[in-house]
There are 2 protein chains.
Amino acid sequence: MPQTNPVSQEISLSVIKTACSNCNLRELCLPFGLSDEELSRLDDLVSSRRRIKRGDHLYRAGETFDAIYAIRSGFFKTDVLLEDGRDQVTGFQMAGELLGLDGISTEHHTCNAIALEDSEICAIPFSRLEGLSREIHTLQHHFHKVMSREIVRDHGVMMLLGTMRAEERLAAFLLNLSQRFTARGFSHAEFYLRMTREEIGSYLGLKLETVSRAFSRFQEEGHIAVQQKHIRILNVSGLKALLTHRS
Amino acid sequence: MPQTNPVSQEISLSVIKTACSNCNLRELCLPFGLSDEELSRLDDLVSSRRRIKRGDHLYRAGETFDAIYAIRSGFFKTDVLLEDGRDQVTGFQMAGELLGLDGISTEHHTCNAIALEDSEICAIPFSRLEGLSREIHTLQHHFHKVMSREIVRDHGVMMLLGTMRAEERLAAFLLNLSQRFTARGFSHAEFYLRMTREEIGSYLGLKLETVSRAFSRFQEEGHIAVQQKHIRILNVSGLKALLTHRS
DNA sequence: TTTTACGGTTGACATGGATCAAGCCAACGC
DNA sequence: GCGTTGGCTTGATCCATGTCAACCGTAAAA
């Protein structure tokens, strides 16, 4: 939408300008390790900031890929749909994380990205990112690390899906969320789930009833307190023990 | 080992020299899309070729990462080990595919790569690859595509582990192998498995007995002929139907 | 305030795949 | 040729999780 009011024009420009350099997620996100001068070059590139309302798609499987997205605030899920109607949640993403890396491969997105709460993202045109990372070694290397980290994360999920039983999967899931919230300055012990039991189940390869029962069991055993989407972790080591003790 | 004989010196030099430009896998591997001049610069970088004997490790989890590896010939598996002894095969790799991308993230390998038959690999020092891909746009972009493809592949495995039943998993596995053998000029309908039932099971999140039973069932139903590791696919569409028909 | 709807919980029962166990087959060393 | 070994197959049984169904709680709509 064109801006006719010079004041709001100025505001929107300044918002764009402050993109990465003022972002308190820069140590988690793409700008990690860049000098001020390099950072401002990245700022030029992170062209647009966009709000995505809860329930809306950031992109859909099949759309042509031309940008990756950094989450500035909010919470997303990605899911893959099979021809026969089966689908699976492949990940939950929070502020500071990147979305859309899967699209580089075929130049089309291969999954759907859906906001689980009102969110804000920064679009990073991919060819310009490649251009800049040809000039800024640090940026190039960090981007490679981020992609590699995604591969390692996926291996972790494969491990979870391939070898763990229901309660182990849920414990791993909660600990992972807790750790990621901590890294963002939130409480490690208390948080709201942004997704439904069904979405958790889909991600963990379980039915929603199984997820619900596991939550109840954890509560009975004093590991956590659950009230709908509100989770309090009461006994971290109890949860961790569930993971390592082959039962 | 130092070469004192000038003749064998010359041979080993010429072997190195022909690395990528003469490799018949170059359209599947990193050199994809490069001009002759660019190709020869990549050749300079692919420093060493190494033989790995069946059963030997190419690298181990925890070792420091400094190179990725292209498989020139042979067959590998990668697996991840958990503290409590559980392990899982995260992939099977064949000629033309890259190994070690997971190590970029932490500068340490996060899985083991083990040869399932006598194999030959090309080591590609990673920092030099980054250097060259800062200069050769095509190489940079192709490398990004390869990493992204790995992420997409992992999502496929997550889908398989999360939503498919045993026979669907095995059908998907066989069709995937068949397709990859075809891309390498081998028969799509007849091949030898390089891995044991247990390794297949680990990859597919199943026990070896379940894998064995599924093979027997496919044979009874005329989809395939199995004799130990020798597989003949008799009815591709039958296998495909197993995948799409929600039963 | 009541109604509705959606997500969550819980119970009873079914089942696919794990587990345990025995035996088979093919390759290899002696 | 014979025994050993590792990998594979097959059968019997068990159990974790799926399935089906009823009900509950909370929040938004009426």
Side-chain angles (χ1 to χ4, degrees), chain A residues 53-55 77 85-89 114 116-118 160-174 192-221 224-231 242 245-247, chain B residues 54-55 77 85-89 114 116-118 160-174 192-221 224-232 242 245-247:
Chain A
K53 286 244 269 294
R54 175 190 152 99
K77 71 167 177 181
R86 277 183 278 197
D87 68 344
Q88 178 161 27
V89 172
I114 298 144
L116 295 181
E117 62 182 29
D118 291 356
L160 178 146
L161 292 170
T163 72
M164 293 187 185
R165 33 187 59 222
E167 294 191 3
E168 295 172 321
R169 296 185 199 187
L170 190 64
F173 174 71
L174 290 174
Y192 280 90
L193 297 172
R194 314 296 149 89
M195 68 297 278
T196 66
R197 301 289 189 263
E198 187 169 16
E199 286 163 335
I200 297 174
S202 171
Y203 180 59
L204 299 178
L206 301 169
K207 293 293 160 182
L208 68 96
E209 293 94 330
T210 306
V211 173
S212 178
R213 279 186 246 269
F215 270 128
S216 302
R217 196 129 207 281
F218 286 175
Q219 178 151 258
E220 278 165 32
E221 292 175 351
I224 64 173
V226 207
Q227 206 183 4
Q228 305 283 114
K229 301 200 159 164
H230 180 213
I231 303 283
L242 278 177
H245 293 338
R246 206 71 271 270
S247 57
Chain B
R54 174 189 152 100
K77 71 167 177 180
R86 276 183 280 199
D87 68 343
Q88 178 160 27
V89 171
I114 297 144
L116 294 182
E117 63 182 28
D118 291 357
L160 179 145
L161 292 170
T163 72
M164 294 187 184
R165 34 186 61 221
E167 294 191 2
E168 295 174 321
R169 295 184 200 188
L170 189 65
F173 174 71
L174 290 175
Y192 280 90
L193 298 172
R194 283 19 186 236
M195 68 298 279
T196 66
R197 302 288 190 264
E198 187 170 16
E199 286 163 336
I200 297 173
S202 173
Y203 181 59
L204 298 179
L206 301 169
K207 292 293 160 183
L208 69 94
E209 294 94 329
T210 306
V211 173
S212 178
R213 279 185 245 269
F215 271 128
S216 303
R217 195 130 207 280
F218 286 176
Q219 179 152 259
E220 278 166 32
E221 293 176 350
I224 63 174
V226 207
Q227 206 183 6
Q228 305 282 114
K229 301 199 159 164
H230 180 213
I231 303 283
R232 269 184 310 137
L242 278 178
H245 294 338
R246 206 70 270 270
S247 57

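Chain letters run A, B, ... following the sequence lines, proteins first and then strands; every chain starts at 1.
For the pair A/Arg169 (side chain) and A/Met164 (backbone), a donor-acceptor distance under 3.5 Å is present. Judged purely by atom type and a 3.5 angstrom limit, B/Gln219 uses its side chain to pair as donor or acceptor with the backbone of B/Val226. Of the possible polar contacts, none joining the B/Glu221 side chain to the B/Phe218 backbone as a donor-acceptor pair under 3.5 Å is found. Here the side chain of B/Glu168 pairs a donor or acceptor atom with the backbone of B/Arg165 at under 3.5 angstrom. Side-chain atoms of A/Arg197 do not come within 3.5 Å of backbone N or O of A/Lys207 as any donor-acceptor pair.
Rounding to whole angstrom units, CD of residue A/Gln219 and P of C/dG8 are separated by 15 Å. At whole-Å resolution of the value, CG in A/Leu193 and P in C/dG7 are 15 Å apart. The CZ-P distance, from B/Arg165 to C/dT15, rounds to 11 Å in whole Å. Taking atom CE on B/Met164 and atom P on D/dT17, their separation rounds to 21 Å, with Å as the unit. Taking atom NE2 of A/His230 as the reference point, atom P of D/dT26 lies 14 Å away to the nearest angstrom. Atom pair A/Leu206:CG and D/dT19:P shows a separation of 12 Å (rounding to whole Å applied). Protein atom CD of B/Glu167 is 12 Å distant from nucleotide atom P of C/dA18, rounded to whole Å. Here C/dG16 presents its C1' atom at 12 Å from CD of B/Glu168, a figure rounded to the nearest Å.
End-to-end axis angle of the helix from C/dT1-D/dA30 to C/dC30-D/dG1, using five pairs per end and rounding to 10°, comes to 30°.
A pairwise comparison of heavy atoms in A/Val211 and A/Gly201 identifies CG2-CA, 3.6 Å as the closest pair.
Distance check, rounded to the nearest 0.5 Å: CZ of B/Arg213 to CD of B/Glu220 gives 12.0 Å. Atoms CG and CZ, from B/Leu116 and B/Arg194 in turn, are 9.5 Å apart once rounded to the nearest 0.5 Å.
Contact check on A/Glu117 versus A/Arg54 returns no salt bridge, with no Lys/Arg side-chain nitrogen under 4.0 Å from an Asp/Glu carboxylate oxygen.
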Its contact letters, B for base, S for sugar-phosphate only and - for none at protein heavy atoms under 4.0 Å, make nucleotides 8-13 of chain D read SBBBB-
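Residue B/Gly201 is out of contact with every strand shown, counting any heavy-atom pair closer than 4.0 Å.
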